[in-house]
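Read the structure below first, then the notes.
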Amino acid sequence: MMDEYRGVWVFIEQNDGKIEGVSLELLGAGRKLADKLEVPLSGVLLGYEIKSLSREVIAYGADQVYVIDHEVMKDYRTESYMKAVINLAEKYKPEIFLYGATSNGKDLASAVATDLSTGLTADTTMLDVEVEKRLLEASRPAFGGNIMATILCKKHRPQMATVRPKVMKAMDPDPDRHGEVIEEPITLKEDEMRTKVIKIVKDVTKKVNLAEAHVVVAGGKGMGDLQNFQLIHELADTIGATVGGTRDVVEAGWLPHEQQVGQTGETITPKIYFAIGISGAIQHVVGMKNSEFIIAINKDPQAPIFDVATYGIVGDALEIVPKLIKEFKEARERGGEMSYV
Amino acid sequence: MHIVVCVKQVPDTKIIKINPKTNTLDRRSAPAILNPYDAHAVQEAVKIKKALGNGTISVLSMGPPQAVAVIKKSIEIGADRGFLISDRAFAGADTLATSYALSKALERISKDMPVDLVICGKHAIDGDTGQVGPGIARRLDIPPVTNVIEVAEVNESEKTILIKRKITDGYELIQAQIPCLLTVEKEINSIEYSPMPNMIKAARYEPVIWSVNDLEEVDRTQLGLKGSPTIVGKMFTPPKPEGGKRLEGNADEQIQQLIELLNDKKELFAGK
């Protein structure tokens, strides 16, 4: 029974005709799994007037693209997308099916897994495959501690996982790659749908865009209290950085949720990341470990953040950060030679 | 309007400790609490009931007998009644088996009083999966709307609900038919101070406790460990990344070194 299932699939999430970065990253990760298993890698592309995107899906590593291009699929809705994806999966029987761990990806994967009665691992940060048994090894941080759990789905197919954005690497696109585009019909009708997207409002005023930030200054509960946490803002202002924080800090109300870095917040890849008063729980680390240059400041020499940091300073943030701010300000006043902003 | 809120008792992950020798969770180290997102789910149900001027709020949980505590907590926030499904048959359930068990309990609840709205928290803080809510919706064949940040309007006569759903760079305004299932974000509301009568009611409240035998037409192979397609293969500490260089000297010396290092990395700051 399980032998009928072959191939690796990636759900290609697109918004306004633009493919989400995580889908391209998953094509890169899926390519490796497919090569190991010696099976094709396929993209599943749904939407309206999006067929031309299949070129991009192939360029990023897919051998095939299943396309459903129909007006009813214009906006993401669990009902319509779920039905289309379930039909495809039942027809072609993939053995592995990956989705980005975005709002829509998680929503879709949960509904699809329920109908297919199969296992789904959430927020995966590492993927591998045991070739002999054709078992997907989907690993994720667990239990709020410094530990990873590898989740297996031995007896059900497809093996499904949602994967965090920015933890896998996309391939360099090759516009000359060849692939097959398979257009699939759809029988869904608009009046069967029980939800309607009335409008989509893009928040253009959103001031904090961690995902795009070049330099991030992040603080943890080691800052002590809200008043001390202002030092984080001050340092960030001084060097033109964006402020981030840990889950504890967000739960304490020192920062809004959209500034949380980590497993349940943003995964980011800035050029420079300051981790100040942050111990380095795995949930936080998965969110920032791909930063290019990581500077950790912490009182506790045993803090796991020091294992990740490019450079670590053991010391009291309340003493060190004000001095740093002073140094940076002076450097900026001197102008030219050390202008960070 | 009958609203059912699904709630979970979770260890407070802020406090929980891992045994470094065995790499296992020391559950005794953390107090059990009502999953914070679920508290917002209950609060939202209270808000909707208040706005409509009528309705019943039921809370449903699955867990060991001590999980009655989170039902009592929900009563304190303003729920009217609570149900706990508790049985060894449910133990070890992954998200697929959990959504199955909860959907069977929801079917039982809706026999006496049809359910219009199911509300869940966005995810539980001990598992962080967010998969149970959409799973329940699928099993009940009602539309799910996840990541809800506002319930703008409930129209009882038209049987529709207007919702703001958070997306990556803004929100969607969605109209859904009732019955439907919502999963809520924290920003949907703030937890209000519980009035004294609620607290007294909560202290005295005894929820209905059902075993697997109290549910109808249950396929036992879909419950608990048996009904869970996923298993934990292994646990490991993540490989330590490269790096970990410490700066030396006193605070001032370390700061000077850092400034010099950053000076060499100016292109990182500038490389926009």
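Here is how names work: the chains are called A, B, and so on, in the same order as the sequence lines, proteins then strands, and each is numbered from 1.
At a 4.5 Å heavy-atom cutoff, the contact between A:Asp123 and chain B is made by side-chain atoms alone. For A:Thr118, the part lying under 4.5 angstrom from a heavy atom of chain B is the backbone only. For A:Gln263, the part lying under 4.5 angstrom from a heavy atom of chain B is the side chain only. For A:Met193, the part lying under 4.5 angstrom from a heavy atom of chain B is the backbone only. Proximity to chain A is limited to the side chain of B:Leu96, based on heavy atoms less than 4.5 angstrom apart. Contacts of B:Glu248 with chain A are absent, with no heavy-atom separation under 4.5 Å from either backbone or side chain. In this structure, no portion of B:Ile163 lies under 4.5 Å from any heavy atom of chain A. Neither the backbone nor the side chain of A:Thr125 comes within contact range of chain B, judged by heavy atoms closer than 4.5 Å. For a residue to count as touching a neighbouring chain, one of its non-hydrogen atoms must lie under 4.5 Å from one of that chain's; by this rule A:Arg140 touches chain B with the side chain only.
The local environment of CG in A:Asp16 is sparse, with at most 12 non-hydrogen atoms from other residues, nucleotides or ligands closer than 6.0 Å. More than 12 heavy atoms of other shown residues, nucleotides or ligands fall within 6.0 angstrom of atom NZ in A:Lys196.
Heavy-atom pairs under 4.5 Å with chain A peak, among B:Val145, B:Thr160, B:Ile142, at B:Ile142. Note: A:Ala122 leads A:Ala101, A:Ser117, A:Ala122 in heavy-atom pairs under 4.5 Å with chain B. Across B:Ile161, B:Asp128, B:Asp252, B:Ile136, the residue that shares the most heavy-atom pairs under 4.5 angstrom with chain A is B:Asp128. In terms of non-hydrogen atom pairs under 4.5 Å with chain A, the most contact-rich of B:Gln222, B:Arg165, B:Lys166, B:Gln257 is B:Arg165. Listed options A:Gly315, A:Pro301, A:Ala241, A:Pro256 were ranked by heavy-atom pairs under 4.5 angstrom with chain B; first place goes to A:Pro301. The residue among A:Ile200, A:Val112, A:Asp115 with the most heavy atom pairs within less than 4.5 Å of chain B is A:Asp115. Each of A:Leu324, A:Thr121, A:Thr195 has some count of heavy-atom pairs under 4.5 Å with chain B, and the biggest count is that of A:Thr195. Per-residue heavy-atom pair counts under 4.5 Å with chain B were compared for A:Leu120, A:Leu135, A:Ile320, A:Asp316, and the maximum is reached by A:Leu120. Counting heavy-atom pairs closer than 4.5 Å to chain A, the top residue among B:Lys186, B:Gln175, B:Glu187 is B:Gln175.
Residue A:His257 comes nearest to B:Lys122 through the heavy atom pair NE2-NZ, 4.3 Å, listed as atom of the first residue, atom of the second, then distance. Across every non-hydrogen atom of A:Ala317 and A:Ile276, the tightest pair is CB-CG2, 3.5 Å.
In this pair, A:His284 and A:Tyr273 present their aromatic rings tilted. The plane angle is within the 30 to 60° band.
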Exercise for review: List the steps, then state whether side chain to side chain donor-acceptor pair (under 3.5 Å) holds for A:Ser110 with B:Gln131.
Suggested key: CA-CA 5 Å; A:Ser110 309; B:Gln131 292 171 183; 5.0 Å; no
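Side-chain atoms of A:Asn15 and A:Glu20 form a donor-acceptor pair, as typed in the model, at a separation below 3.5 Å. Side chain to side chain, A:Thr246 and A:Asp248 fail the donor-acceptor criterion of an N or O pair below 3.5 Å. B:Asn189 and B:Gln43 share no donor-acceptor pair across their side chains, judged by distance under 3.5 Å alone.
Note on B:Lys8 versus B:Asp126: salt bridge recorded, some NZ/NE/NH1/NH2 to OD/OE distance being below 4.0 Å.
Not a single donor-acceptor pair under 3.5 Å links the side chain of B:Tyr37 to the backbone N or O of B:Thr183.
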